[in-house]
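Notes follow once the structure below has been shown.
First listed ligand is number 1; within each ligand, the first listed atom is number 1.
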Amino acid sequence: MQRRVPRKSREIPRRKVYKALNTVLAFVSSRKHLATTFPMVRSSVEGLLKRPLELAQVAELKALLPDLINFAYIARDQLRIQAETLSQVQCGGRTSPDFSLNSLQQSSSQLPGIEEDEHVLVLEFADNTRGKKQRTGSLLSLPPAMSAAQSKKLIENRDERFRTAVNELLSATPDGEDPVELLKVAAKDHIPANPKARSHLPKAEAEVPSPNERPSVNEVVQEIQEQHWYANQITDRRTFPARTAREGFLSRSLSASIQQALQESRKITSFYTHQAAAINAVCNKKHVIVSTSTASGKSVIYQVPFLRFLEEDPSATAMFVYPTKALAQDQRVALEQLLWSCPGLRHINVATYDGDTPQERRAAIRDGTSVIFTNFDTIHASILPHEELWRNFLHNLKILAVDELHYYSDLMGSHVAQVIRRFRRVCAAVGNREVVFVSCSATITKPAQHMQRLFGVEVEEITDDGAPSGCKDYLVWEPPYVDGHAPKLGRHSAMSEAAKLMRYLMKRGIRVILFCKIRKACELAMKALRTELSAEGRLDILAKVMPYRGGYSQEDRRRIEHEAFSGNLLGIVATNALELGIDIGVLDAVIMLGFPFGLASFRQQAGRAGRRARDSMAVLVADMSPLDQHYVKYPDALYNNPIEDLVIHLESKEIVEAHLQCAAHELPVSKDDTVFFGPLLSEICDKKLIKDEDGWYHTHPKYLPYPQKHVAIRGAEEDKYVVVDITKVQESGQGTKILEELELSRALFEVYEGGVFMHQGLTFIVKEVSHDARMAKVIRADVNWITSPRDFTDVDAKQTYRIKEIPNSPHRLFFGRVEIITVVYGFYKIRNKCILDVVDVDTPPWERQGTGLWLDVPQNILGLLRSKAISPAAAIHSACHAWMNSFALAADLRTECKAAEKEMKAAESRRKRPARLIFYESLGNSGVTAQALDHASEILKKAQCTVESCPCQEGCANCVLSPACREHNTISSKIGALVVLRGLLNLEIDVDSIPTQVNEFDVADTIVEADFVRPISGVEVEAA
Ligand SMILES: [Zn+2]
Ligand SMILES: [Zn+2]
């Protein structure tokens, strides 16, 4: 069909304008890493065109090619810092640059922190910084240093894009309409407005709907699909229908005053089935675990029975235990309100008793309160060691309630299990064998089993959730190609997509929480939101977004929680620090930036949105990591796969001994205490404790006077660095401000001289780091680049303590001392994933000792891998992940992850690594590695079976990928892992069935044969 294209006088200039723009921008951007300002581009373009260039003309082009052209205001500050970077790059800045920031702005680091009042209009192509796939791995690209030929090619490509877009417009224009007119209309939306000017405009059309009047989730999902920026990002959508409430009944009705209190303080007049069942059980003195959805009203399950116990016996006491201080605070206030509304119980005192409780208040709390809110750290380190001061309280104790029980697993859970055993023993000793244990948890598999292992008692399990829930939508969101016509340019980043989606939802009155996996991502997302919302002039929305993560001061965290809870926020950007149930009010949407650490986390985070009758949504924005890509391909796994079991280890001699040393200090231990501590007690007592004439066991003197100080239930405490903001000192001689405290293991990667440190979405430059004083001084500076450390961690076996056979295999397992060395040797300056500069730093290496377990990959297997062009590094890395995925306690182990930056280089590495699968405990020695050695052969076998039978192609979270991989699983080979695992097990390998790999790049081999590690004297090979 022939369409009559109206020929109008302005059409020719439009193509000409584009051509001129194209030429000018290609010229400028191939030489500088500068964003190009409109005035600067305009004069060059006008020079070529010999006529004026209007804003509207550029807006038309933007309307035609919205993804390709950037045309928006940015803060002037950002531009200036870039110019500085430029000068460093140009003068070959490979050494540490001068950090005296002459561009420093008068600014504060207070939230919400909108200091930029001057903006410049930037015009550039979005495909500017993307080169072809490079060797730095998939995450970063080097700056495009383009040859004339490449420049020409780029210009041609963009011309081609223009022609395609024009043709698309023509064919999409309905008959009878003028495409030029359509374009003009569309262009109106693309004329950039200066944020400063815009923020003064009346905001009638931009009003954010109040949360009660917001559109439904379904409407919003429809709307999103009609947006010009929507390019089929939603690859999977499931809708789970609303559920109505089901009422349960108490076997014995509540007193009138408790009924009144519930109604007044909580508006509760009836109970859901799970609440009623739990209250009935607790009142019958049964131990109970309730595992139901978020916000299903779990706290009444222990509060109501306790009020009853108080009515029967005014001297009754209770302990309510939470994993964090913040949760304990939250819940204390709730109970105070309930008691205050309850006639007859108003005088009851409750108090928080934890590490922050002042010494002088402690006696009064012990003697004068009926309920304490505490944590296991305090029970372990402060309450049990002073059991004589707590006798009265413990004698009258009716309930020990432990909320968020799923929090206690792995190493900490294994310690807590022993703390609870000590607690039960002390209660029994003061004559109280009737304490009822009540637990609540998120939805987990086998809740009763988990609680039984933690508490050592029989429990009743309640999982029939009677709470109502609104309709819930789950979306999987895949970032679209930067340019749909040129997939080679890659996809938009998950970060920018998540931020864009979040902005859209907030504008529609949807309250959003954005979960990030690591602190840095949280800061970057906040920075992106800050930049984009201010560029759009939406300071009203920006004022209602806050970041929240570990590392912030208590004060900042409480303030943010309070803001969220009061309903003042539209958005929160958080790490999984907010996964736990701190009440932050009603949220409508959860966005997960990348698949979180495991399915349990995925479901818990998704559960943070939606409440009662409100509909809600949960969106997984997938990044390019193999793990996320797996869930894009197989979304069913998100909903159908079982959650990982929670692990409690009761058979660790190291952990049991640690707590027996503590227990013996509380009350001498006898062999009768096996009822509490299990069958290991007898052997440990005889070997490790001191027996007196009467047969009682006492703490070994080397642990005295405070054995509990030798036992860290959350793992070893690390040294901390303080990060100090000295901006004000430099500017006006005012005082410094402590921004945060960072653990040593983080500080190394986050504060290095010249690097960008981020705090609450604001950027600071690190001016000085003192490793002796454990202090970093930073200065506030708005920069639009970030830095990323270049580092490596080598794990080297140093001495062999034990050697063990692998059944039917000539190969061996080794156990011994390992040395772990982390070196940060430099950093990249990065903007838009593009490296602006490479800087060296001189940081002292971080060395530590630990215990480890290793298996050496034999020479013939290495030879086989090489003959098939399989990277030995990838094979070993994947085999390590597979082994850890098959070991229940792996959360407390680390391995040496292989980095793309090193493994994808063509040049020979000077840092060749031994062909070795190695696992170690990163901090301290909890005995997990020793457990691993005991079961290492079974784990190896299980890993091999899993990889072999896994239906995936390239590897998935079930077999060779790990959500905890420090290097994002980019160096991975499923087939290689299988060869290594089979080789170690001495299983036959059908060489012909292994396809020879085709590699995109020529890469150097980084692996050498492992040396034998000297054993201590007297080591004999143990039978399998
Ligand atoms: Zn798999
Ligand atoms: Zn890894």
Side-chain angles (χ1 to χ4, degrees), residues 137-139 517-518 594-599 622-638 640-642 644 745 749 789-795 818 820 822 852-855 857 870-887 890-904 911 913-922 932 939 941-982 994 1006-1007:
S138 59
L139 297 175
K517 285 166 77 170
I518 55 169
F595 180 73
F597 298 105
L599 269 181
D623 63 31
M624 285 309 294
S625 75
L627 188 60
D628 282 40
Q629 289 303 308
H630 176 76
Y631 287 111
V632 171
K633 265 192 214 156
Y634 309 103
D636 281 346
L638 291 170
N640 301 342
N641 284 11
E644 311 81 358
S745 56
F749 303 106
R790 306 174 71 204
D791 60 86
F792 61 82
T793 297
D794 281 349
V795 188
V818 297
I820 306 123
T822 300
L853 167 76
W854 63 93
L855 298 107
V857 180
I870 297 171
S871 150
I876 290 170
H877 187 204
S878 288
C880 286
H881 282 318
W883 191 89
M884 289 174 78
N885 286 347
S886 300
F887 179 39
D892 299 310
L893 291 185
R894 303 277 176 279
T895 188
E896 188 185 291
C897 281
K898 309 290 183 197
E901 185 183 350
K902 175 180 178 200
E903 305 300 339
M904 290 176 73
R911 197 169 58 86
R913 301 296 302 149
R916 178 173 281 161
L917 277 57
I918 192 162
F919 311 97
Y920 66 100
E921 280 172 65
S922 59
I939 300 167
K941 184 79 197 133
K942 190 173 161 203
Q944 174 254 327
C945 291
T946 308
V947 177
E948 194 141 357
S949 61
C950 194
C952 72
Q953 286 288 315
E954 302 286 331
C956 67
N958 266 333
C959 58
V960 300
L961 304 183
S962 162
C965 180
R966 276 195 56 96
E967 302 292 343
H968 315 284
N969 296 298
T970 38
I971 298 301
S972 169
S973 166
K974 183 181 177 187
I975 182 85
L978 191 57
V979 170
V980 169
L981 295 169
R982 288 192 73 100
I994 303 168
T1006 57
I1007 299 291

Report yes or no: is the cationic atom of R894 (NZ for Lys, CZ for Arg) under 6.0 Å from the centre of the six-membered ring of F919, at an angle within 45° of the ring normal?
-> no
Centre of F792's six-membered ring, under 6.0 Å away, within 45 degrees of the axis: is that where NZ or CZ of K902 sits?
-> no
N, O or S from C959 under 2.8 Å to the Zn ion (ligand 1) | yes
Taking the Zn ion (ligand 1) as the vertex, measure the angle between atom SG in C952 and atom SG in C950; round to 10°.
-> 110°
Check whether any N, O or S atom of H881 sits under 2.8 Å from the Zn ion (ligand 2).
-> yes
Just to the nearest 10 degrees, tell me the angle at the Zn ion (ligand 2) spanned by C897 SG and H877 NE2.
-> 110°
Are any of the side-chain nitrogens in R913 or E896 under 4.0 Å away from the carboxylate oxygens of its partner?
-> yes
C950 and K974: which non-hydrogen atoms are nearest, and at how many Å?
-> O-NZ, 2.9 Å
